[in-house]
Amino acid sequence: MSITILDSKEICLDEPFELSVRPETFQKADSGTASEIVNNSHQYSNVMEQISPIIQADNLSNKSVSNPSKKITDNKASRLECGRKYQRERRKDPAFAERKRQYHREYQRERRKDPAFAERERKRQRENLRERRKDPTFAERERKRQRERRKDPAFAEYQREYQREYQREYQRERRKDPAFAGYQRQYQREYQRERRKDPAFAEHQREYQRERRKDPAFAEYQRQYQRERRKDPAFAEYQREYQRERRKDPVLAQGHRIYMNTYNRIKKQTANKEEASKQAKIAREQYLQSIHSAGNSGELTLTSNSDETNQSPSKNSDGTLPANFQCSS
């Protein structure tokens with residue numbers, strides 16, 4: 001029986017070592033081949049002695065890389081640590097720090113343009129401030145800081161302007177609510193009605209309106225505004241109700257009669273509606289002023305004035321207004 005060993009130079013160390021034995025070499029041994037078997041055994045032992053150290057070294061190297069994930073994790077940790085060290089070094093540079101702050105401000109400014117983000121940010125700020133105010137130390141520090149800031153005239157002016165702008169914005173938002181708008185109009189009417197009971201305020205208001213009517217731009221705006229309002233059915237109904245209430249006042253009713261009589265007379269004489277309306281308004285204002293003066297002095301002369309003006313001005317013998325209603329030219 002003979003054993004044939006392959007060439008040891010072709011053995012691959014990355015694969016398990018196999019000893020190849022050819023089947024045809026197994027033959028019936030005889031006494032003449034004993035020496036050949038012994039020689040082959042010695043040759044195999046010599047080859048194994050040569051390659052055993054190489055195989056052991058290769059096995060050790062394979063064990064060192066048997067866990068690649070651990071090696072990758074170590075590399076990632078080292079890279080992160082290097083990156084953090086690099087950022088710490090960069091933050092020490094004032095130019096880099098300023099660029100980073102500028103970028104952050106621009107980024108926040110762009111984000112605040114998103115209404116959803118702005119609302120979330122305001123809500124977060126309110127919640128954060130509410131939680132911080134629960135701390136007595138922070139609350140005391142905040143009060144002290146506000147006291148110090150109020151001593152600064154520039155900050156005080158900024159605070160007043162901010163409050164005014166906030167109130168304007170708040171009122172604009174509230175006016176979009178129909179219920180609040182109706183309540184606001186009702187409140188303003190009641191408020192103005194109470195103020196008109198003050199003679200000083202009423203006189204000031206009439207003087208203010210007379211001055212405004214002299215402005216052509218305001219007069220045109222007023223006419224346009226009235227034309228637009230008359231298209232509103234609700235306003236038209238309110239206006240009719242207001243006129244019905246005014247007619248119940250004898251002073252206003254008499255003033256209206258004076259206005260109409262003067263207007264009709266002058267229009268027939270001159271055929272100029274604007275001039276007739278102007279003179280009629282003056283006559284009515286003079287009558288109301290005389291009633292107001294008599295009321296302040298405690299001598300109400302409504303009856304005598306009514307008797308004097310019951311006669312139509314258009315039927316005067318001399319074709320002029322009564323003495324109480326003459327207007328200075």
Side-chain angles (χ1 to χ4, degrees), residues 12-14 54 56-181 183-185 187-188 215 217-218 221 225:
C12 182
L13 297 180
D14 295 334
I54 300 174
Q56 292 176 0
D58 185 64
N59 289 336
L60 291 175
S61 63
N62 288 337
K63 288 180 181 179
S64 64
V65 294
S66 60
N67 191 0
S69 62
K70 182 178 179 181
K71 184 175 182 180
I72 292 173
T73 304
D74 294 342
N75 290 337
K76 184 177 180 180
S78 63
R79 286 198 301 271
L80 291 175
E81 181 60 30
C82 180
R84 285 191 290 268
K85 183 178 179 181
Y86 175 68
Q87 290 296 330
R88 283 194 296 269
E89 292 296 328
R90 290 193 76 186
R91 287 192 196 100
K92 296 177 182 179
D93 181 10
F96 172 75
E98 181 61 27
R99 287 197 306 272
K100 191 167 185 179
R101 285 192 295 270
Q102 182 66 21
Y103 168 77
H104 186 70
R105 285 193 294 267
E106 292 292 336
Y107 176 69
Q108 290 296 328
R109 191 176 297 116
E110 291 297 326
R111 290 193 74 188
R112 289 192 192 99
K113 295 178 181 179
D114 180 13
F117 172 78
E119 181 61 28
R120 289 198 305 271
E121 191 69 11
R122 286 192 295 269
K123 184 176 180 181
R124 186 183 68 83
Q125 291 289 345
R126 286 193 298 267
E127 292 293 335
N128 184 28
L129 191 59
R130 191 177 296 116
E131 291 297 326
R132 294 189 71 185
R133 286 198 184 106
K134 294 178 181 179
D135 181 10
T137 305
F138 172 78
E140 180 60 29
R141 189 168 63 248
E142 191 69 12
R143 286 191 294 269
K144 183 177 179 181
R145 177 171 169 268
Q146 289 298 328
R147 284 193 297 269
E148 292 296 328
R149 292 187 75 182
R150 288 192 195 100
K151 297 177 183 179
D152 182 9
F155 174 76
E157 180 60 28
Y158 162 76
Q159 194 75 359
R160 286 191 293 271
E161 182 61 29
Y162 174 78
Q163 289 295 333
R164 285 193 293 268
E165 183 61 30
Y166 174 78
Q167 286 297 329
R168 284 193 292 267
E169 183 65 25
Y170 178 68
Q171 291 297 328
R172 280 194 294 268
E173 292 296 327
R174 291 192 76 186
R175 287 190 198 102
K176 296 177 182 179
D177 181 10
F180 174 77
Y183 162 76
Q184 191 74 359
R185 286 192 296 269
Y187 170 77
Q188 288 294 336
D215 182 8
F218 174 74
Y221 163 77
Y225 176 70

Ion pair present between [X] and [Y], side-chain N to carboxylate O less than 4.0 angstrom?
X	Y	answer
Glu161	Arg168	yes
Arg105	Glu98	yes
Glu127	Arg120	no

Side-chain donor-acceptor pair present, Gln102, Glu106, cut-off under 3.5 Å: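 Side-chain D/A pair, Gln102 to Glu106: present.
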Nearest atoms (heavy-atom pairs only) where Arg132 meets Phe138: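 What the structure gives for the nearest pair is O-CD2, 3.1 Å.
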Minimum-distance pair of heavy atoms, taken over all atoms of Gln108 and Phe117: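 Closest heavy-atom pair between Gln108 and Phe117: OE1-CZ, 3.9 Å.
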Would you give the length of the straight line joining atom [atom1] of [X] to atom [atom2] of [Y], rounded to the nearest 0.5 angstrom?
X	Y	atom1	atom2	value
Arg79	Glu81	CZ	CD	13.0 Å
Arg147	Lys144	CZ	NZ	8.0 Å
Gln184	Asp177	CD	CG	11.5 Å

Heavy-atom check, side chain of Arg145 versus side chain of Glu148, under 4.5 Å: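 With C-beta onward as the side chain, the pair stays apart.
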Within 6.0 angstrom of Tyr158 OH, more than 12 heavy atoms from elsewhere: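 Result for OH/Tyr158: open.
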Step-by-step side-chain contact (heavy atoms from CB on, under 4.5 Å) determination, Arg84 to Arg88: CA-CA 6 Å; Arg84 285 191 290 268; Arg88 283 194 296 269; 3.8 Å; yes
